[in-house]
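Read the structure below first, then the notes.
Computation of the quantities below employed the complete heavy-atom set of this structure, encompassing side-chain atoms and omitting hydrogens, waters and symmetry-equivalent molecules. The sequence lines fix the lettering, A, B, ..., with proteins before strands; numbering per chain opens at 1.
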4 protein chains.
Amino acid sequence: MATQEARPLRADARRNRERVLDAARAVFADSGHEAQMDEIARRAAVGVGTVYRHFPTKDALLAALLADSFARIAANARAALDEPDAWQAFAGVLWFGAELLAANRGLTESLVAQPADCVLEHQLELRVAMGKVIGRAQAAGVLRPDMLVDDVPMLMCGIGAAFRKPHPCPGSWRRHLAIVLDGLRAPAATGPLPD
Amino acid sequence: MATQEARPLRADARRNRERVLDAARAVFADSGHEAQMDEIARRAAVGVGTVYRHFPTKDALLAALLADSFARIAANARAALDEPDAWQAFAGVLWFGAELLAANRGLTESLVAQPADCVLEHQLELRVAMGKVIGRAQAAGVLRPDMLVDDVPMLMCGIGAAFRKPHPCPGSWRRHLAIVLDGLRAPAATGPLPD
Amino acid sequence: MATQEARPLRADARRNRERVLDAARAVFADSGHEAQMDEIARRAAVGVGTVYRHFPTKDALLAALLADSFARIAANARAALDEPDAWQAFAGVLWFGAELLAANRGLTESLVAQPADCVLEHQLELRVAMGKVIGRAQAAGVLRPDMLVDDVPMLMCGIGAAFRKPHPCPGSWRRHLAIVLDGLRAPAATGPLPD
Amino acid sequence: MATQEARPLRADARRNRERVLDAARAVFADSGHEAQMDEIARRAAVGVGTVYRHFPTKDALLAALLADSFARIAANARAALDEPDAWQAFAGVLWFGAELLAANRGLTESLVAQPADCVLEHQLELRVAMGKVIGRAQAAGVLRPDMLVDDVPMLMCGIGAAFRKPHPCPGSWRRHLAIVLDGLRAPAATGPLPD
DNA sequence: TATGAATGAGCATTCATTCAT
DNA sequence: GATGAATGAATGCTCATTCAT
């Protein structure tokens with residue numbers, strides 16, 4: 001989850017690190033990758049230098065945030081394996097992830113962008129956990145058998161359309177996910193694909 | 001389709017306009033909004049000044065391209081009303097749009113970004129046509145009744161995940177759309193949404 | 001001498017390129033590598049962007065200047081081979097180079113710094129020419145036989161001490177070179193070196 | 001030698017001061033003026049704050065080091081007055097100074113840079129001592145009569161060319177000094193200077 | 001007093017847009 | 001009209017110095 005908690009930081013440093021992360025979360029959530037470091041610093045009520053003390057580059061800061069989100073989803077996925085209902089387990093993870101995506105433009109962008117190495121690591125972790133959740137649901141016959149783990153990012157992409165302004169309507173991503181879930185539960189019905 | 005074709009252009013001007021549009025299409029498709037004007041000009045074998053003569057800003061150029069794409073999809077949607085099978089009509093439009101999205105990063109980004117006024121106009125046109133296609137399918141009982149026109153962009157968003165590198169697999173967006181379509185055909189089955 | 005004169009530049013572009021080079025020469029001569037790009041642009045009465053249009057980085061600009069200086073000295077060295085007096089030929093090249101060094105802090109710094117590739121090329125050229133000048137003088141018995149081409153930069157380094165402020169006295173570098181030349185003409189007389 | 005040893009320091013403070021000086025010596029010797037304060041602190045195994053407690057600015061720290069070096073050379077020069085051979089005395093001081101210069105990029109740079117007041121003081125001290133050494137050698141007729149004390153820095157500048165990478169050859173500065181010394185011993189022979 | 005986290009002015013570089021040729 | 005050189009505001013990052021702990 002965290003990246004350099006190895007050496008314990010001074011109390012004030014840890015507090016500032018959190019302020020920076022919080023500010024960055026907010027700013028990246030609003031503006032995605034085009035967020036500006038000065039804006040993050042201002043929002044954290046901190047000098048730019050402080051931001052850079054904790055994160056060597058803008059991308060590293062964004063990556064830390066993304067890694068954290070992916071780690072949280074991965075944790076959720078692992079926990080889902082204890083849920084008795086295989087479908088509920090699967091759907092629950094998607095709902096959980098969607099909740100995060102719906103509020104975070106940076107995270108949404110990450111579904112389409114080339115991931116940094118440090119993020120990749122956590123995405124892999126998520127991929128593994130999600131793979132198990134998917135496998136179980138497929139084995140139980142409640143999830144369409146042709147679905148792949150790598151389909152998940154695509155299926156979740158639309159969640160972030162919430163950022164389009166003016167919003168169609170605030171919670172519309174819920175209907176989006178509901179539709180996707182319906183499509184996933186049913187056995188493939190669309191028939192042969194074109195081309 | 002285009003925005004300032006009102007006054008007829010000299011032959012060579014029209015030719016240049018097309019060159020610019022073609023180049024911009026290619027570059028925006030590859031690089032999305034971060035494409036650079038100089039690159040577009042180079043690709044069009046034209047000076048930057050020429051690009052600016054035809055399109056006052058980068059956003060205007062991108063908008064012209066988007067407007068064109070939306071217009072093409074709108075045309076496809078209008079034509080779909082002649083298709084006897086209401087479901088085929090609906091699905092056909094989505095397949096058509098997906099084909100465009102899958103190859104165009106700029107277009108995909110537009111599903112999430114704030115649309116320019118000039119694009120908005122064409123999106124509205126598309127919205128109207130698509131509304132009819134959707135209404136017909138719902139009236140025929142082949143499309144889930146709670147679906148809204150404004151859900152379409154969200155549902156199509158995932159198509160562009162194809163830009164993520166390394167690609168999961170080249171044609172994966174087809175499976176994505178198939179799943180979505182399955183979710184749309186079935187009557188809502190997921191049950192009450194959380195929260 | 002020049003770096004990208006391959007494609008002929010527009011008249012105004014060439015003029016600006018010269019302005020930039022002149023300004024850079026002046027600023028680097030005064031401040032060496034710590035000169036600032038904005039200052040160079042201001043001095044050239046040009047936007048920074050123009051500086052960057054002609055030279056991709058600060059180092060490239062400095063390198064172009066250095067390369068030019070080295071090229072000029074190399075040309076002088078080649079011409080010196082036509083001078084009948086082998087000693088005058090040798091001494092003349094040093095006097096010529098010293099004249100440049102005495103007025104140019106950037107050039108002086110380059111005698112100590114790691115040279116960029118593009119400069120290296122011209123230094124090599126100079127090394128070759130200078131090697132011939134030295135060889136001829138040694139063959140004529142007028143230059144101490146143990147001197148190497150690579151000693152030249154060291155011997156010339158002191159010229160730049162002229163930048164030390166307050167100057168000991170404006171033309172003192174002339175006496176410096178005279179002393180060095182005397183040391184070079186005499187057969188080695190100092191006796192065994194310590195250590 | 002040092003600048004603020006007036007008031008006696010606590011034992012640990014004095015120890016820290018030495019650690020800082022040692023570290024700074026090493027770092028400035030390697031990197032010259034571009035050395036970073038953090039690097040010096042790290043090398044001294046001390047916080048930056050401690051560095052600043054002992055030396056108010058980076059330049060003050062560098063100056064302290066330079067002052068120390070100049071003081072050592074000055075001491076050497078004073079001692080040289082006891083050497084019976086006036087030439088050996090003179091040459092010996094230069095060899096001693098060269099040894100220091102050859103291993104210290106910061107010191108070498110100081111021969112060209114504007115000296116801080118606190119350094120100036122020690123340079124003056126050196127100037128006085130060196131003046132006597134030079135005067136004696138000139139009186140004895142073993143040193144060219146037109147040489148001035150202020151020529152010394154210029155003559156020694158080349159020593160530092162050893163920092164150029166790749167080094168021409170490790171001990172080449174010895175030949176440089178030998179040549180200079182030969183030039184200095186001989187009566188002026190070069191003839192009238194140009195211009 | 002020592003520490004090292006915080007600060008923020010400073011600087012190289014980019015790129016959409018303008019305008020002289 | 002076309003060209004591409006010029007512009008300069010904007011932005012990520014550095015590092016000497018300060019100051020809270």
Using OP1 and OP2 only, check whether a side-chain N or O of H54(D) sits under 4.0 Å from dT1(E).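 Looking at the OP1 and OP2 atoms of dT1(E), neither is under 4.0 Å from any side-chain N or O of H54(D).
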
OP1 or OP2 of dT1(E) less than 4.0 angstrom from a side-chain nitrogen or oxygen of N16(D), does that happen here?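 For dT1(E), neither OP1 nor OP2 has a side-chain N or O of N16(D) closer than 4.0 Å.
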
Minimum-distance pair of heavy atoms, taken over all atoms of S31(A) and E109(A):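 Here S31(A) and E109(A) meet closest at O-OE2, 4.3 Å.
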
I want to confirm an ordering. Mapping V46(B) and R15(A) to their closest nucleotides on DNA chain F, which one lands closer to the 5' end?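 The residue closer to the strand's 5' end, by nearest nucleotide, is V46(B).
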
Letter by letter from the 5' end, nucleotides 9-14 of chain F scores (B base, S sugar-phosphate only, - none; protein heavy atoms under 4.0 Å) B-SSBB

The criterion is side-chain contact (heavy atoms from CB on, under 4.5 Å); which residues satisfy it with [X], sequence neighbours excluded?
{"X": "D59(B)", "result": "H33(B), T57(B)"}
{"X": "E121(C)", "result": "none"}
{"X": "A44(B)", "result": "R19(B), V20(B), A23(B), V46(B)"}

With a 3.5 Å cut-off and sequence neighbours excluded, list the donor-acceptor pairs that the side chains of residues 36-43 of chain D form with protein atoms.
{"from": "E39(D)", "atom 1": "OE1", "to": "R42(D)", "atom 2": "NE", "distance (Å)": "3.4"}
{"from": "E39(D)", "atom 1": "OE1", "to": "R42(D)", "atom 2": "NH2", "distance (Å)": "2.9"}

R25(D)/D22(D) salt bridge by N-O under 4.0 Å criterion: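 Yes, charged N to carboxylate O under 4.0 Å.
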
Please determine, for the side chain of R53(D), which listed nucleotide (dA2(E), dT21(E), dG4(E)) has the closest atom?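 That would be dA2(E).
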
State the CG-OG1 distance between L100(B) and T108(B), to the nearest 0.5 angstrom.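 So the CG of L100(B) and the OG1 of T108(B) are separated by 10.0 Å.
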
Interatomic spacing from OG in S110(D) to CG in L101(D) - rounded to 0.5 Å: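 CG of L101(D) is found 7.0 Å from OG of S110(D).
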
Nearest-Å distance for atom pair CD1/C1', residues I40(A) and dG8(E):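 Rounded to the whole Å, the gap is 17 Å.
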
Pairing pattern in dot-bracket form [Watson-Crick, G-U; both distances under 3.5 Å; | = partner strand] for DNA chain F: .||||||||||||||||||||

